[in-house]
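This report concerns only the one structure given below.
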Amino acid sequence: MIVLKALPRLVLLPALGALALAGCGSSSNSASIPAASAPSSVTITTTRVPTTATTASTPASTASSSGGIGGCQPTSSGGAPVVPCPKKLLSASHNYTVKLDTNYGKIDMSLATSAAPIAAANFAYLVKRGFYNGLTFNRIVPGFVIQGGAPIVDGQEAGPGYQLVEAPPSYLQYNPGVVAMAKTAVAPYGDAQSQFFICVADTNLPPQYAYVGNVTKGLNVAVHISDLPNSGGALNQPEEPVIIRRATLVAG
């Protein structure tokens with residue numbers, strides 16, 4: 001696993017771009033967070049350039065020629081270790097929680113296996129492979145989101161070596177605690193690789209970003225991370241690394 005250096009450039013924010021995120025519902029965490037919305041002209045995007053992307057209408061049951069879920073297709077990994085496409089959905093008879101142990105505290109996230117079976121399975125798959133261990137939250141926007149989950153190779157961000165698609169439900173709202181996948185501006189709605197974000201306040205983001213789940217514990221940790229000193233500008237990189245020490249999957 002590649003360990004990220006401080007201030008990695010995983011996500012760029014164009015001058016008049018928008019922040020690419022996704023999610024649904026609100027967190028059950030009791031932390032009190034003031035309502036806040038991102039400017040309508042702001043979008044969260046990654047700097048990845050997608051290769052062969054599937055359409056947002058790809059059925060959840062559709063598998064690519066590689067046998068992966070969500071029409072999963074191999075992409076350039078940017079020099080990072082290539083991970084095979086995930087091939088299985090999570091069992092509908094279990095509840096799944098991802099636990100993030102960061103250097104600023106712990107965050108628990110419940111995966112949306114019913115509303116977003118493909119994105120949830122993809123996230124769980126990467127967690128089980130240890131993909132996120134040692135990576136960082138490379139972008140923090142006060143009153144909006146924290147974003148991370150991509151390795152840095154030779155100063156460039158990389159993904160898992162594949163991409164898949166699960167268009168989010170049209171009713172999705174990106175409220176505090178929502179966890180979703182970041183995407184490039186030109187990628188189809190619901191495009192997902194490894195970068196994800198956590199909303200720390202109400203936003204006005206459109207339903208374009210693959211829904212993963214909701215924070216159930218530690219939303220106050222995510223809010224604290226979002227308020228850390230950052231570089232500002234388009235990158236909003238934290239001045240000190242915010243590290244995902246370990247991500248684990250718990251089935252209940």
Side-chain angles (χ1 to χ4, degrees), residues 1-5 8-12 20-22 44-56 58-90 98 100 111 116-139 147-168 179-197 208-213 243-249:
M1 176 52 59
I2 297 170
V3 178
L4 299 188
K5 298 180 180 179
R9 297 186 62 178
L10 304 183
V11 179
L12 293 180
L21 307 178
I44 293 180
T45 61
T46 72
T47 55
R48 296 189 310 264
V49 178
T51 53
T52 305
T54 56
T55 64
T58 303
S61 60
T62 298
S64 69
S65 58
S66 65
I69 61 175
C72 184
Q73 295 291 334
T75 65
S76 171
S77 64
V82 175
V83 178
C85 281
K87 297 183 179 182
K88 295 182 179 180
L89 300 179
L90 297 172
V98 169
L100 300 182
L111 299 184
I118 291 174
N122 175 59
F123 198 78
Y125 171 74
L126 291 173
V127 168
K128 288 189 292 184
R129 292 185 67 95
F131 186 89
Y132 291 117
N133 297 345
L135 299 188
T136 69
F137 281 101
N138 61 285
R139 185 172 187 229
Q147 181 173 334
I152 296 297
V153 180
D154 296 329
Q156 299 295 319
E157 69 175 36
Y162 66 78
Q163 66 184 125
L164 49 80
V165 173
E166 182 176 51
V179 184
M181 304 302 291
K183 73 179 188 68
T184 63
V186 298
Y189 291 0
D191 175 77
Q193 293 192 26
S194 64
Q195 289 198 58
F196 67 96
F197 64 89
Q208 298 179 3
Y209 313 104
Y211 179 38
V212 173
I243 303 170
I244 301 172
R245 293 169 171 165
R246 184 175 178 82
T248 56
L249 179 69

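Index from 1, following the sequence. All values reported here derive from a predicted model rather than from experimental measurement.
- For E166 (side chain) and I118 (main-chain N/O), a donor-acceptor pair under 3.5 Å exists by modelled atom type.
- Taking every heavy atom of both residues into account, L90 and A120 meet most closely at CD1-O, 4.0 Å.
- A 4.5 Å side-chain heavy-atom check between I69 and Y125 finds every atom pair outside the cut-off.
- With values rounded to the nearest 0.5 angstrom, N133 atom CG is found 11.0 Å from L126 atom CG.
- Across A247 and V127, no two heavy atoms sit closer than the pair O-CG1, 3.5 Å.
- Counting heavy atoms from C-beta on, the side chains of V179 and V98 never come closer than 4.5 Å.
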Can you check side chain to side chain contact (heavy atoms under 4.5 Å, CB included) on V212 and M181, steps first, answer last? CA-CA 7 Å; V212 173; M181 304 302 291; 3.5 Å; yes
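- Nearest heavy atom pair, residue Y162 against residue T75, reads N-OG1, 3.4 Å.
- Nearest heavy atoms, A192 versus A210: CB-CB, 4.3 Å.
- Judged by distance alone, the side chain of S194 and the main-chain N or O of G149 form a donor-acceptor pair under 3.5 Å.
- Rounded to the nearest 0.5 Å, atoms CG (L164) and CD (Q193) are 8.5 Å apart.
- Side-chain contact check for N122 versus F196: every heavy-atom pair is 4.5 Å or farther apart.
- Using the six-membered ring where Trp is involved, F123 and Y132 have ring planes that are tilted, between 30° and 60° apart.
- In this structure, G159 and P151 approach most closely via the heavy-atom pair O-CG, 4.5 Å.
- Contact annotation: the side chain of R129 never approaches that of P86 to less than 4.5 Å [non-hydrogen atoms, C-beta and beyond].
- Here the OG1-CD distance, from T136 to Q147, works out to 10.5 Å after rounding to the nearest 0.5 Å.
- Shortest non-hydrogen contact noted between F131 and P160 is CE1-CA, 3.8 Å.
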